[in-house]
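Reminder, nothing fancy here: chain letters follow the sequence lines and each chain counts from 1.
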Amino acid sequence: MKIALSAQPPFYLPSVVRSHGWIQLSPFLADDHTGGFTYLIQLDTGRVAEIRIQEAQGGVSVAVDSPLTPKEQSEVSSKVAWMLGLDQEFGTFYALAHDEPKLAHIVSEARGRILRSATLFEDVIKTILTTNTLWSATIRMNRNLVEQFGASLPADPARIAFPSPERLAATDEETLRSSTRLGYRAPYILELAHRVASSDLDLEGYKTADIPTLELRKHLMAIKGVGPYAAANLLMLLGHYDFIPVDSWALKMVSHEWYNDEPVGKAQVEAAFERWGQWKGLAYWLWSWSYNG
DNA sequence: GGTAGACCTGGACGC
DNA sequence: GCGTCCAGGTCTACC
């Protein structure tokens with residue numbers, strides 16, 4: 001079956017897909033042919049479905065591998081709309097960026113939306129898996145988590161959804177350390193799964209909560225394993241762009257762009273984008289860097 | 001509030 | 001094949 005969803009213009013699906021590395025993390029799978037992707041989604045009922053997303057007139061079309069009940073259709077629609085930020089609007093930022101050559105490309109490419117997972121739980125875990133490690137290790141740890149704890153697609157057991165909080169909460173730290181190879185992150189992931197599964201932490205509520213950025217940041221940083229970088233990354237996913245996710249890459253880019261390759265710190269990165277105010281994270285994210293080494 | 005050292009993995013490198 | 005070093009953010013203890 002197919003579901004059609006409309007997007008706030010301008011919208012260009014490949015720009016969302018390529019917005020960051022999430023597309024390389026299972027259960028995302030890029031479809032280079034169409035510029036879209038497939039994803040394994042676990043619905044509230046526990047059912048796993050494969051969805052294939054392609055650009056369509058005014059938005060996207062979502063092909064689902066099997067028939068859904070009306071309630072399941074509604075859940076798929078709202079989750080896909082969230083993943084792609086279909087209702088997001090960037091007119092104010094585009095107007096501000098109009099005269100900045102380093103951001104000249106963003107309007108024609110409809111940049112701004114950042115690909116999200118179906119749940120914030122999945123995005124928090126993936127963000128923790130990006131910290132203090134190489135990207136190749138992030139891909140591996142995430143793949144291990146999915147393969148070891150995710151629920152399979154009934155028609156093809158090799159296709160697996162991201163693990164639910166309940167499933168992860170049912171495992172133990174030693175398994176996550178030695179078998180899933182999460183290392184010191186294991187207790188962080190386990191604690192998060194316990195808190196979400198027991199409803200002690202309503203992560204999904206943050207998607208729609210009307211909370212000031214600073215307060216939201218405080219909540220995110222109360223999660224073990226989430227520091228300033230991870231919180232800024234998650235805030236961007238939640239549509240708050242007041243903070244820059246400063247990592248070693250950011251330091252290298254800013255050093256080359258404005259400091260003649262001299263070492264810089266977090267303060268210099270912040271200063272470089274201060275003039276973008278509440279949009280500074282997005283300006284940083286979409287900047288056309290001159291570094292090509 | 002700022003800082004040093006520990007945390008853990010896997011890749012690169014030297015032998 | 002083995003040992004050592006290094007990169008990558010966050011946490012905790014300490015000042």
(Q) Parallel, tilted or perpendicular, judged at 30° and 60°: which one describes the rings of A:Trp289 and A:Trp258? (A) perpendicular
Side chain of [X] (C-beta onward), nearest among [options]:
| X | options | answer |
| --- | --- | --- |
| A:Tyr188 | C:dC11, B:dT9, C:dT10 | C:dC11 |
| A:Tyr184 | C:dT10, B:dC7, C:dG8 | B:dC7 |
| A:Asp247 | C:dT12, B:dG11, C:dG9 | C:dG9 |
| A:Asn132 | C:dT12, C:dT10, C:dG8 | C:dG8 |
| A:Arg181 | C:dG8, B:dG10, C:dT10 | B:dG10 |

In whole angstroms, the gap separating P of B:dG2 from NZ of A:Lys266 amounts to 11 Å
Taken to the nearest whole Å, OH/A:Tyr229 to P/C:dC11 is 14 Å
Residue pair A:Ser136/A:Arg177 against DNA chain B: nearer the 5' end by closest nucleotide is A:Arg177
May I ask you to establish whether A:Arg116 and A:Trp82 are in a cation-pi arrangement, using a distance under 6.0 Å from NZ or CZ to the six-membered ring centre and at most 45° from the ring axis?
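Satisfied, under 6.0 Å and within 45°.
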Side chains of A:Trp285 and A:Pro245: closer than 4.5 Å at any heavy-atom pair? yes
Between [X] and [N], does any side-chain N or O lie under 4.0 Å from OP1 or OP2?
| X | N | value |
| --- | --- | --- |
| A:Arg140 | B:dC8 | no |
| A:Arg185 | B:dC7 | no |
| A:Thr131 | C:dT10 | no |

When the rotation axes relating C1' atoms of four end pairs to the next four are compared across the helix from B:dG1-C:dC15 to B:dC15-C:dG1, five pairs an end, they differ to 10° by 30°
Q) Which part of the nucleic acid, if any, lies within reach of A:Thr133 when heavy atoms closer than 4.0 Å are counted: base, sugar-phosphate only, or nothing? A) base
- prompt: Which is true for A:Leu251 with a 4.0 Å heavy-atom rule: it touches a base, it touches only sugar-phosphate, or it touches nothing?
  reply: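 No contact.
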